Amino acid sequence: MALKNTKNDFYESVYQVVMLVPKGRVTTYGAIAKVIGTGLTSRMVGWAMNASHNQNAYVPAHRVVNRNGLLTGKHHFPIDNPMDKQLHEEGIIIVEDKVQDFKTLFWNPMNIMDTF
DNA sequence: AGCCTGACCTAGG
DNA sequence: TCCTAGGCCAGGC
């Protein structure tokens, strides 16, 4: 395992942000990407999520949706623990793979900076 | 080694 | 207001 790896750093940053997402809240790929890097790497965030399954740390990838609040990554979740089900467990209403009241439930990663 | 795709987003017409 | 195009990085073929 290479210690000096840019992608590893990027992935780690993504996990850090995602893990900070409060329960019952959701965030977007673009927001995460913007906090971490240029903001144009939103695609890589999803890729990092794909790799997050291999991580030992618990990464609430189900709290990450696209900018429309649509559960685009639902198909990538295990059948035992579907994305919508996990969100529903946290009190989030999902209708047709869409997060209801997404605007209110949206958690901006920039709040981390505000907290510091 | 080069081309295509992907859990996305923004901008321009 | 809807549709098209471009950009970013990494992985698979």
Side-chain angles (χ1 to χ4, degrees):
Chain A
M1 294 173 53
L3 296 176
K4 290 187 176 181
N5 221 347
T6 50
K7 88 173 182 186
N8 192 1
D9 186 38
F10 179 81
Y11 282 24
E12 186 181 345
S13 301
V14 174
Y15 301 146
Q16 291 288 331
V17 177
V18 176
M19 283 189 291
L20 287 175
V21 179
K23 182 184 177 186
R25 292 296 191 96
V26 292
T27 187
T28 66
Y29 301 95
I32 296 172
K34 207 157 197 172
V35 173
I36 295 173
T38 60
L40 299 174
T41 58
S42 44
R43 275 184 160 178
M44 294 293 88
V45 177
W47 222 247
M49 291 293 106
N50 196 1
S52 69
H53 285 281
N54 214 359
Q55 293 289 323
N56 293 335
Y58 171 65
V59 181
H62 59 278
R63 298 183 191 147
V64 184
V65 295
N66 64 346
R67 85 138 200 115
N68 294 320
L70 189 68
L71 307 187
T72 53
K74 177 189 175 186
H75 202 66
H76 276 259
F77 274 77
I79 306 173
D80 300 7
N81 239 8
M83 191 175 188
D84 48 357
K85 180 166 186 171
Q86 292 187 55
L87 289 172
H88 190 267
E89 290 285 332
E90 299 185 357
I92 300 178
I93 308 301
I94 306 297
V95 177
E96 292 185 357
D97 299 343
K98 279 186 305 183
V99 177
Q100 299 304 300
D101 205 358
F102 170 69
K103 190 182 73 172
T104 306
L105 295 177
F106 173 72
W107 179 78
N108 196 330
M110 290 293 286
N111 288 345
I112 305 172
M113 307 303 177
D114 203 35
T115 304
F116 287 149

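Just so we're on the same page: letters track the sequence lines, and every chain starts at 1. As the structure is a prediction and not an experimental result, all values here were calculated from the model.
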Answer yes or no: is there a donor N or O on one side and an acceptor on the other, between the side chain of A/N108 and the main chain of A/M110, under 3.5 Å?
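Side chain of A/N108 to backbone of A/M110, a donor-acceptor pair under 3.5 Å: yes, one is there.
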So does A/A31 get a backbone contact from the side chain of A/T28, meaning a donor-acceptor N/O pair under 3.5 Å?
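Judged by distance alone, yes, a pair lies under 3.5 Å.
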Which part of the nucleic acid, if any, lies within reach of A/H53 when heavy atoms closer than 4.0 Å are counted: base, sugar-phosphate only, or nothing?
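Base contact - A/H53 has a heavy atom under 4.0 Å of at least one base atom.
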Over all strands shown, is A/N50 touching base, sugar-phosphate only, or nothing at heavy-atom distances under 4.0 angstrom?
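The residue A/N50 makes base contact.
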Angle between ring planes, A/Y15 versus A/Y11, binned at 30° and 60°: parallel, tilted or perpendicular?
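Ring orientation of A/Y15 relative to A/Y11: perpendicular.
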Straight-line distance of A/F77 CZ to A/Q86 CD, nearest 0.5 Å:
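Spacing of CZ (A/F77) from CD (A/Q86) equals 6.0 Å.
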Do the side chains of A/V26 and A/M83 join up, straight or via other hydrophobic residues, at under 4.5 Å, putting them in one cluster?
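Yes; tracing contacts between hydrophobic side chains, which count when under 4.5 Å, links both residues.
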Using the [atom1] atom in both, what is the distance from [N] to [M], to the nearest Å?
N: C/dA5; M: B/dC4; atom1: P; value: 16 Å
N: B/dC8; M: C/dT1; atom1: P; value: 24 Å
N: C/dG6; M: B/dT5; atom1: C1'; value: 16 Å

Bracket notation of DNA chain C in which parentheses pair within the strand, [ ] cross earlier pairs, and | pairs with another strand (Watson-Crick or G-U, under 3.5 Å)
.||||||.|||||
Should we count NE2 of A/H53 as having more than 12 external heavy atoms under 6.0 Å?
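Atom NE2 in A/H53 is packed in, count exceeds 12.
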For A/E90, the option from A/K85, A/R25, A/R63, A/K23 that meets salt bridge (charged side-chain N to carboxylate O under 4.0 Å, His left out)
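It is A/R63; the other options fail the test.
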By the definition side-chain contact (heavy atoms from CB on, under 4.5 Å), identify the one residue from A/K98, A/K74, A/E89 that meets it with A/D84.
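In the set A/K98, A/K74, A/E89, the residue that makes a side-chain contact (heavy atoms from CB on, under 4.5 Å) with A/D84 is A/K74.
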Can you tell which of A/I92, A/I93, A/L105 makes a side-chain contact (heavy atoms from CB on, under 4.5 Å) with A/L87?
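Exactly one candidate clears the test, A/I92.
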Would you kindly compare A/W47 and A/K34 by the position of their nearest DNA chain B nucleotide and give the one closer to the 5′ end?
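The 5'-side residue here is A/W47.
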Atom CZ of A/R43 to atom C1' of C/dA5: distance rounded to whole Å?
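Nearest whole value for this atom pair: 12 Å.
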Send over the distance from A/F10 CZ to C/dA10 C1', rounded to a whole Å.
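Atom-to-atom, A/F10 to C/dA10, this comes out as 10 Å.
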Tell me, please, the opening and closing nucleotides of DNA chain B, 5' to 3', among those with an atom under 4.0 angstrom from a non-hydrogen atom of chain A.
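Listed 5' to 3', the contact boundaries are B/dG6 to B/dC9.
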